[in-house]
2 protein chains.
Amino acid sequence: MQVSLQALKAFESAARQGSFKLAAEELSLTPTAISHHISNLESRLNVTLFHRLGRRISLTGTGLRLAKATSEGFRKIDSALEEIMKASTGVRVTTTSSLAAMVLIPCQHEFEQANPNISMEISTGESIDNQSYLIPIRFGDVAVAESSDVISAESFNVFGAYGMRSPSWSNEPITLFTTEWKNKSLPDPPLAAWLEINGLDSSNIKLKKFDQELFGIQQAMAGNGLVFCSTTLTKRLLKANLLQQFETQSVKSDLCYYVPNKDSFETRSAARFLNWLEEILNQ
Amino acid sequence: MQVSLQALKAFESAARQGSFKLAAEELSLTPTAISHHISNLESRLNVTLFHRLGRRISLTGTGLRLAKATSEGFRKIDSALEEIMKASTGVRVTTTSSLAAMVLIPCQHEFEQANPNISMEISTGESIDNQSYLIPIRFGDVAVAESSDVISAESFNVFGAYGMRSPSWSNEPITLFTTEWKNKSLPDPPLAAWLEINGLDSSNIKLKKFDQELFGIQQAMAGNGLVFCSTTLTKRLLKANLLQQFETQSVKSDLCYYVPNKDSFETRSAARFLNWLEEILNQ
DNA sequence: GCTATAGATGAATTAAACTCATCTATAAGT
DNA sequence: ACTTATAGATGAGTTTAATTCATCTATAGC
């Protein structure tokens, strides 16, 4: 190509604003640079692009035609760049109520502190708007998710309010909150396996079910019983002395959190967020 | 703007061709330059544009989006530039048969010799295709044309074949070819005014009319009579000793050659052509 | 007729784009 | 499996091109 793109950029701005001076301001250059660019362009193309009427300029017919093309062309490119830049200054995540409320939202500030130039936006619910650059963290069956997409395989255990005494499983009636997913195709929480591993039986246990783990956890924190839920959600609450666990073993489940097409997120922000997320979930 | 246009150009080419090496060849650069440009772009935008699979590359989703935008944008700009370049490497003129045959075509070679980088294309007739960059040289009434558009005001005189003896206007019958324009709104050739200025009367003159001056001139050259026509068309023939004039005075007419919106032709080629044309018509 | 402003011009400076040399990883050939 | 050739990455050095500075001209407004 024999004409410089910067000259075209200068021309586009000057044409749009009808002034070398204003173009210079817009592009953070001196009017001299604009003048050089445009006369360079004119001599390379062998055309006059501006009529010089003393200290005033006006587009020639040829100039007008070129201006239309350059404006449109650059606008197309700029808007694509802008979209990318917008996407790269922040991450937009959507996930389950439980993960959002128990993990993401509490850690949001910490993430933004560690990554000052990345803002984090969290949404939950059925907003299936297939918007570009929206990162969905799904909760599902490990058998269904691509293995490379999985960020956290879920283990389950029983937790209770901090400070309560260890329950005596065989002697007293126990209220245990657990979850029955709204989505029936998901594997159930592995309560039976957990009981077996810990050598317990369910005769004294009175089960209460919610459709989100979140609610059972909140009940447990309020001292209204114990909760059987994923360790991912309670990790932070244990550290913060809001929940405690007992001498029971946790049990693996077929459930996991995963991000569909995890490797297709190419913005650095998304990559950093996903790394950070895997770290806090698997620490 | 924080991203360099040259980097975008490099990216566009690499994306389209799927190879840094090919992009380098297309842009007459080294593969290194392409690599630098693209990594610069990626770090500025905070995104990954290409997946690097060893020595093979493939566009990421973001890269694909950007590639679409840049390809389209640059294509728009390039095609406008190409049109201008094409226009500036040549001039395309359309005019009357007479001016074309008597002046433009005989001088075409001379013009192209003097302007080696400008090719000249001459067309005549009703091809009113309002194509861009086609220069029409019209023949018409000075009162109708914009004065700034006029290139030559026509004077008329009588001419005969080279070497013939001066006609004796009062003693012998004379055949005089003149023109009756097809377009009736044009002023007639000023024959009456010419006779008056030269103190002659038309009693011995036998008029024959064509609708183009060209034909009368050719009859006169063939020795079949005299021709009353514009001096512009005969100037060259006089010099070349193909025609001669006698002791008569030429007479001004209301006719002229003009180029509508003459000042709207901004290509250097067009400007140079128009200057050259005015020169040879008014020399 | 003076002053201020916009642009033109040419030389000097500065910043960027580009290349070179070197290195790594993959793909192909033996 | 080992060698060879190819594509790209990386960092330092060089060259080109973009930008500025100083100066000059012409217009517009006072």
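All chains are named by letter (A, B, ...) in the order of the sequence lines, taking the proteins before the strands, and each is independently numbered beginning at 1.
Annotation: B:Arg52, atom CZ; neighbour count of heavy atoms from other residues, nucleotides and ligands within 6.0 Å is above 12. Sparse packing is recorded around CD of A:Glu146, with 12 or fewer heavy atoms of other residues, nucleotides or ligands lying under 6.0 Å away.
Distance from the side chain of A:Arg52 is smallest for C:dG7 among the nucleotides D:dT19, C:dT19, C:dG7. Comparing D:dG8, D:dT20, C:dC18 against the side chain of A:Leu29 picks out D:dT20 as the nearest.
Computed from coordinates, the B:Leu27 CG to C:dT19 C1' distance equals 15 Å when rounded to whole Å. Between the CZ atom of B:Arg44 and the C1' atom of C:dA16 there is a distance of 10 Å, given to the nearest Å. The nearest whole Å value for the distance from the NE2 atom in A:His37 to the P atom in C:dG7 is 15 Å. In this entry the distance linking NZ of B:Lys9 with P of D:dA17 reads 17 Å, nearest Å. In this structure, A:Ile57 atom CD1 and C:dA6 atom P are separated by 11 Å, rounded to whole Å. Between A:Ile38 atom CD1 and C:dG7 atom C1' the separation is 11 Å, expressed in whole Å. Note: CG (B:Leu5) to C1' (C:dA17) measures 14 Å, nearest angstrom. We find that CG of A:Leu41 is positioned 17 Å from C1' of C:dG7, with the value rounded to whole Å.
Within 3.5 Å, no donor on the side chain of B:His36 pairs with an acceptor on the base of D:dG8, nor the reverse.
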Go through the steps to decide whether B:Lys21 and B:Glu25 satisfy the test salt bridge (Lys or Arg N to Asp or Glu O under 4.0 Å), and finish with yes or no.
CA-CA 6 Å; B:Lys21 186 174 183 281; B:Glu25 279 165 21; 3.3 Å; yes
Run the side-chain contact (heavy atoms from CB on, under 4.5 Å) test on B:Leu281 and B:Val103 for me, step by step, so that the C-alpha distance in whole Å, both residues' side-chain angles and the decisive distance to 0.1 Å come before the verdict.
CA-CA 9 Å; B:Leu281 293 191; B:Val103 181; 4.0 Å; yes
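Where A:Ala33 and B:Leu22 meet DNA chain D, the nucleotide closest to each residue was compared, and B:Leu22 sits on the side nearer the 5' end. Residue whose closest nucleotide on DNA chain C sits further toward the 5' end, between A:Ser39 and A:Gln6: A:Ser39.
At least one test fails for B:Lys252 against the ring of B:Phe156: distance under 6.0 Å to the centre or angle within 45° of the axis.
In plain terms, the two heavy atoms of B:Ile151 and B:Lys262 that are nearest each other are CG2-CD, 4.3 Å.
Phosphate contact (OP1/OP2 of D:dT20, side-chain N/O of A:Thr30, threshold under 4.0 Å): present. Of the side-chain N and O atoms in B:Ser35, one or more sit less than 4.0 angstrom from OP1 or OP2 of D:dA9. Contact between the side-chain N/O atoms of A:Thr32 and the OP1/OP2 oxygens of D:dC21 is not found at any separation under 4.0 Å.
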N/O to N/O distances under 3.5 Å, protein versus nucleotides 24-29 of chain D:
residue: D:dT27; atom: O2; partner: A:Arg55; partner atom: NH1; Å: 2.7

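For A:Phe139 and A:Tyr258, the gap between ring centers reaches or exceeds 6.0 Å.
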